Amino acid sequence: MKQPSLRSLVFLSAGLLSLGAAQAMAASTSASPSTAMTPGVKQFVFGTLPDGRTVHGYRINSGGDVDMEVIDYGGIITSLKTPDRHGEKADIVLGFNSLQDYLSPAYKKLNPYFGALIGRYGNRIADGRFTLDGKTYQLATNDGPNHLHGGDEGFNQKLWQATPFSSSEGSGVVMRYTSADGEEGYPGELAVEVKYTLTHDDTLAIDYSARTTKATPVNLTQHSYFNLNGEGSGSILDHVMTIDAASYTPVNKTLIPTGEIETVAGTPFDFTQPTPIGARIEADNEQLMRGKGYDHNFVLAREPRPTLEHAARVSSPESGRVLDVLTTEPGLQFYSGNFLDGSVTGKGGQAYGHRSGLALETQHFPDSPNQSGFPSTILQPGETLESHTVYRFSTED
Ligand code: BGC
């Protein structure tokens, strides 16, 4: 696989951003996806929601080594196939082949948000409550005492309007969703656009934008679970992680940040040098016990950054697959799949057990609406939220 330098990636992404509205490409419709991939986007019917609405899937290939599938329900990435060091492809994201599996009681009970777009507020808000311009808002408390990932019916459960496109950079789908004023208790009508671009050289660029009619907290992210040995192939504890973060935000017992920004030096949270995830995950460390493993926000910078910068690299010694994450966001939630418990079975027929996938969620910090020391997540009317993240896929020997 080609390995572009980080510098060229930043320029590439700048180019992508300046493309503006990419030319929509007419999508062909077929009842089920075929296996032969030609560059471009193919639309197919993925399933039908209980209320009768049709969910579409989009198979994306950009002429590179990566194939991707995304659906308009939740903007969920259902499949991402990349080659290992020998060129053998495997699907490296957890998920399902059928809509029924995303709607099943067992899945909803576990609620892992496989592959989904998350909003309005990715991560937790303490007690589901915040005060803005003198008014207190109460949101759903869907995670113990706290609000998590947008509430009872977050963006992960919405049917988005999808527009496939092909451009000189690659192919992809633009997802749009307008969240009504008051939805899930949040103020303001929020118009959200998320553009997935699979580029010719094996990067997935995710460009988020949003506008609101009233001041409101917004924290958008993507919740794919990766297993670089292939989904369903066991735990991710052998994966080697590097996170470009000198500090992280420790949490209380309900996983709300205490407000402190603590150095990672001398702790199991120090991933400034490549380290196997499993090396210290069972260490006698109160923060790890609270998260049942890694479930923490790493501080990439103190303020939102205008350009994409490298945030993390994870690699598998077994498969040789490498994932680099770049983002404009100030934070990265590294979640080691601690709540996966084997209660749901994935698309390959294997139960997804404890720590069988990991999420690297680019974001602002959890509970920012209640933490004056954290970068603000309040979007004002007239402003446009812009956020950019790149997942780059490659291999090493
Ligand atoms: C959170 C975890 C949570 C998971 C699935 C992650 O983003 O940090 O605590 O269990 O999402 O809900």
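Keep in mind that this is a model prediction, so the values were computed, not measured.
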- Donor-acceptor pair, side chain of Q371 and main chain of P257, under 3.5 angstrom: yes
- Distance-only donor-acceptor check, side chains N338 and R355, under 3.5 Å: yes
- Evaluate side-chain contact (heavy atoms from CB on, under 4.5 Å) for Y177 paired with V194, printing each intermediate quantity in order. CA-CA 9 Å; Y177 175 69; V194 181; over 6 Å; no
- Query: Got a salt bridge between K195 and D207, using NZ or NE/NH1/NH2 to carboxylate O under 4.0 Å?
  - Reply: no
- Item | Backbone N/O of P366 and side chain of N297: donor-acceptor pair under 3.5 Å | no
- Stepwise, does the side-chain hydrogen bond (donor to acceptor under 3.5 Å, both in side chains) test hold for D72 with Q161? CA-CA 7 Å; D72 50 15; Q161 187 201 76; over 6 Å; no
- May I ask you to decide if L159's main-chain N or O and R53's side chain share a donor-acceptor pair within less than 3.5 Å? no
- What do you reckon, is CD of E88 surrounded by more than 12 foreign heavy atoms closer than 6.0 Å? no
- Contact check, side chains of E309 and D244, non-hydrogen atoms, under 4.5 Å: no
- Check ion pair R124-D367 (N to O, under 4.0 angstrom): no
- Query: Is the side chain of R290 donor-acceptor paired with the backbone N or O of P250 at a distance under 3.5 Å, no angle test?
  - Reply: no
- Please examine the side chains of L332 and I243, heavy atoms only from C-beta on, and report whether any two atoms are closer than 4.5 Å. yes
- Looking at side-chain heavy atoms only, is the closest gap between N370 and D127 below 4.5 Å? no
- Task: State the CD-CG distance between Q222 and L360, to the nearest 0.5 angstrom.
- Result: 11.5 Å
- Item | Distance, nearest 0.5 Å, that separates OG1 of T307 from NE2 of H388 | 10.5 Å
- Message: I'd like to know if the side chain of S319 reaches the main chain of L228, judged simply by a donor and an acceptor atom lying under 3.5 Å from each other, with no hydrogens or angles considered.
- Response: yes
- Item | Test item: M289 and D284 side chains (from C-beta on) under 4.5 Å apart, heavy atoms | yes
- Between L220 and the options L117, T389, L385, I118, the side-chain contact (heavy atoms from CB on, under 4.5 Å) test singles out L385
- Y73-Y102 aromatic ring centre distance below 6.0 Å: no
- Message: ring pair (Phe, Tyr, Trp, His ring centres under 6.0 Å) for F226 and Y391? Distances and angles first, verdict last.
- Response: CA-CA 11 Å; F226 297 97; Y391 292 105; 5.4 Å; yes
- Query: Is Y113 linked to I71 within one hydrophobic cluster, defined over Ile, Leu, Val, Met, Phe, Trp and Tyr using a side-chain heavy-atom separation of less than 4.5 Å?
  - Reply: no
- Task: Quick one: pull up CG in N227 and NE2 in H239 and give me the separation to the nearest 0.5 Å.
- Result: 4.5 Å
- Task: Of all the heavy-atom pairs spanning T362 and T221, show the shortest one and how long it is.
- Result: O-OG1, 2.7 Å
- Message: If hydrophobic clusters are built from ILVMFWY residues whose side chains come within less than 4.5 Å, do L103 and L110 share one?
- Response: yes
- Message: So which atom in P39 and which in S62 form the shortest heavy-atom distance, rounded to 0.1 Å?
- Response: CB-C, 4.3 Å
- Task: Could you tell me whether the side chain of Y186 and the main chain of V218 form a donor-acceptor pair under 3.5 Å?
- Result: no
- Evaluate side-chain contact (heavy atoms from CB on, under 4.5 Å) for F374 paired with H364, printing each intermediate quantity in order. CA-CA 8 Å; F374 290 175; H364 274 54; over 6 Å; no
- Query: Would a hydrophobic clustering, with Ile, Leu, Val, Met, Phe, Trp and Tyr connected at side-chain separations under 4.5 Å, put Y121 with F365?
  - Reply: no
- Query: For D51, does the CG atom have more than 12 heavy-atom neighbours from other residues, nucleotides or ligands under 6.0 Å away?
  - Reply: yes
- Message: According to a hydrophobic-cluster definition based on side-chain heavy atoms being under 4.5 Å apart (Ile, Leu, Val, Met, Phe, Trp, Tyr only), do I92 and L358 belong together?
- Response: yes
- Hey, could you give me the NZ/CG distance between K214 and L132, rounded to the nearest 0.5 Å? 11.5 Å
- Message: Taking ring pair (Phe, Tyr, Trp, His ring centres under 6.0 Å) as the criterion, tell me which of F271, Y335, Y248, F339 meets it with Y294.
- Response: F271
- Message: Assess the residue pair E260 and T258 against the criterion (side-chain hydrogen bond (donor to acceptor under 3.5 Å, both in side chains)); give the C-alpha distance rounded to whole Å, side-chain angles, the decisive distance to 0.1 Å, and a yes or no.
- Response: CA-CA 6 Å; E260 293 142 303; T258 59; 2.4 Å; yes
- Query: Are H147 and F130 close enough that their ring centers fall under 6.0 Å?
  - Reply: no
- Task: Please test V322 against D324 for side-chain contact (heavy atoms from CB on, under 4.5 Å), starting from the C-alpha separation and ending with a verdict.
- Result: CA-CA 7 Å; V322 180; D324 283 285; 3.8 Å; yes
- Which atom of S166 lies closest to which atom of S171, heavy atoms considered: OG-OG, 2.8 Å
- Item | Single hit among Y107, Y225, F114 for ring pair (Phe, Tyr, Trp, His ring centres under 6.0 Å) with Y352 | F114
- Message: Distance check, rounded to the nearest 0.5 Å: N123 atom CG versus T377 atom OG1?
- Response: 11.0 Å
- Task: Take Q287 and E262 through the test side-chain contact (heavy atoms from CB on, under 4.5 Å) and record every step on the way to the result.
- Result: CA-CA 11 Å; Q287 284 297 315; E262 261 182 30; 5.9 Å; no
- How close do N156 and A116 get, heavy atom to heavy atom, and via which atoms? CB-CB, 3.4 Å
- Message: Counting C-beta onward and ignoring hydrogens, is there a side-chain heavy-atom pair between R392 and L323 closer than 4.5 Å?
- Response: no
- Task: With the side chain counted from C-beta on, respond yes when N146 and L255 share a heavy-atom pair under 4.5 Å apart, and no when they do not.
- Result: no
- Query: Can you find a pair of side-chain heavy atoms, one from H296 and one from F334, that are under 4.5 Å apart?
  - Reply: no
- Are the side chain of E184 and the backbone of E153 linked by a donor-acceptor contact shorter than 3.5 Å? yes
- Are the side chain of S387 and the backbone of Y208 linked by a donor-acceptor contact shorter than 3.5 Å? no
- Message: Return the CD1 to OG1 distance between I261 and T263, rounded to the nearest 0.5 Å.
- Response: 11.5 Å
- Message: I'd like to know if the side chain of T272 and the backbone of D270 have a donor-acceptor N/O pair within less than 3.5 Å.
- Response: no
- Message: Does any part of the side chain of V41, heavy atoms only, come nearer than 4.5 Å to the side chain of Q43, both counted from C-beta?
- Response: no
- Message: Please determine whether a side-chain nitrogen of the Lys or Arg among E396 and R85 lies less than 4.0 Å from a carboxylate oxygen of the Asp or Glu.
- Response: no
- Query: Quick one: do Y137 and I256 end up in the same hydrophobic cluster if we chain Ile, Leu, Val, Met, Phe, Trp and Tyr together by side-chain heavy atoms under 4.5 Å apart?
  - Reply: no
- May I ask you to decide if L80's main-chain N or O and D91's side chain share a donor-acceptor pair within less than 3.5 Å? yes
- Note on the structure: When every non-hydrogen atom of D65 is compared with those of D202, the smallest separation belongs to N-OD1, 2.7 Å
- Note on the structure: Residues S356 and L340: closest non-hydrogen pair is OG-CD1, 3.6 Å
- Query: Can you tell me if S167 and E169 form a side-chain donor-acceptor pair at under 3.5 Å?
  - Reply: no
- Query: Does a sphere of radius 6.0 Å around NZ in K347 hold more than 12 heavy atoms from other residues, nucleotides or ligands, not counting ones at 6.0 Å or beyond?
  - Reply: yes
